[in-house]
Amino acid sequence: MSLSRFEKISLGIAGVTATGIGSFIMVAPNAFYASYGILLGDNPSLLSELRAPAAGLLTLGILMLTGIWRSKMAQLAVASALIVFLAFPAGRLIGLAIDGMPSGGIIGALMLEFAIAILCIVAFRRRILPQS
């Protein structure tokens, strides 16, 4: 599957974002979450529970970036970008509805994730929507 320039740029933005966030949480979860006003402490179980999905996010980000250069991985990269950047804002919106208003940093993250979701939908619409 060959990607257009716009699709590659969109995958790049999604991939760099996912890889960056996943890496930051893996290496320094306390610092990452403190930037949102969340204090984690030194509970090894909690830190493990945060690092595990961060490793998944990092891996999916690398997969997104790989799809830019390896056409055989492009379809999987596109699916990964759509899954990550549709699921994250969906989860945050559910949390907003159930738990109430989070910190401004979390709302900022929601806006960024939503923007990348829209970018991915626009970029990959011909691949995900039925052609008429």
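Just so you know, these numbers come straight off a predicted model, no measurement behind them.
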With a sphere of 6.0 Å drawn around CZ of Phe124, does it hold more than 12 non-hydrogen atoms of other residues, nucleotides or ligands?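 More than 12 within 6.0 Å, yes.
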Using residues 94-116 as the side-chain source, report each donor-acceptor pair under 3.5 Å to any protein atom, sequence neighbours left out, with the distance given to one decimal.
{"from": "Ser103", "atom 1": "OG", "to": "Tyr36", "atom 2": "O", "distance (Å)": "3.1"}
{"from": "Ser103", "atom 1": "OG", "to": "Ile106", "atom 2": "N", "distance (Å)": "3.4"}
{"from": "Glu113", "atom 1": "OE1", "to": "Arg92", "atom 2": "NE", "distance (Å)": "2.6"}
{"from": "Glu113", "atom 1": "OE2", "to": "Arg92", "atom 2": "NE", "distance (Å)": "3.3"}
{"from": "Glu113", "atom 1": "OE2", "to": "Arg92", "atom 2": "NH2", "distance (Å)": "3.0"}

Listed pairs under 3.5 Å, donor-acceptor, residues 51-76 side chains, sequence neighbours left out:
{"from": "Arg51", "atom 1": "NE", "to": "Met26", "atom 2": "O", "distance (Å)": "2.7"}
{"from": "Thr59", "atom 1": "OG1", "to": "Ala55", "atom 2": "O", "distance (Å)": "2.8"}
{"from": "Thr66", "atom 1": "OG1", "to": "Ile62", "atom 2": "O", "distance (Å)": "2.8"}

Using modelled atom types and a 3.5 Å cut-off, is there a donor and acceptor pairing between side-chain atoms of Thr17 and backbone atoms of Ile13?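 Such a contact is found between Thr17 side chain and Ile13 backbone.
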Decide side-chain contact (heavy atoms from CB on, under 4.5 Å) for Phe85 and Leu119; before the verdict, give the C-alpha distance in whole Å, the side-chain angles of both, and the deciding distance to 0.1 Å. CA-CA 10 Å; Phe85 287 102; Leu119 175 67; over 6 Å; no
Asp42: side chain to side chain contact (heavy atoms under 4.5 Å, CB included) partners, not counting sequence neighbours: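 Per chain and number, Asp42 pairs via side chain to side chain contact (heavy atoms under 4.5 Å, CB included) with no residue.
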Going by side chain to side chain contact (heavy atoms under 4.5 Å, CB included), name the residues that satisfy it together with Ser4, two or more places apart in sequence or in a different chain.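 Scan of Ser4 (side chain to side chain contact (heavy atoms under 4.5 Å, CB included), adjacent residues dropped) gives Phe6, Glu7.
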What are the two closest non-hydrogen atoms of [X] and [Y], and how far apart are they?
X	Y	result
Pro29	Leu47	CG-CD2, 3.8 Å
Leu82	Cys120	CD2-CB, 3.8 Å
Leu11	Ala81	CD2-CB, 3.9 Å

For residues 19-28, pull every pair meeting side chain to side chain donor-acceptor pair (under 3.5 Å), keeping only residues two or more places apart or in separate chains.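 Found none.
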Are Ile9 and Val16 grouped together when hydrophobic residues (ILVMFWY) are joined by side-chain heavy atoms under 4.5 angstrom apart?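 Linked within one cluster.
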Report whether Ile118 and Ile128 are members of the same hydrophobic cluster (ILVMFWY, side-chain heavy atoms less than 4.5 Å apart, transitive linking).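 Yes.
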pair Ile25-Tyr33: side-chain heavy atoms closer than 4.5 Å: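 Side chain of Ile25 against side chain of Tyr33, heavy atoms only: contact under 4.5 Å found.
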Using side-chain heavy atoms (C-beta onward) and a distance below 4.5 Å, is Phe32 in contact with Ile38? no
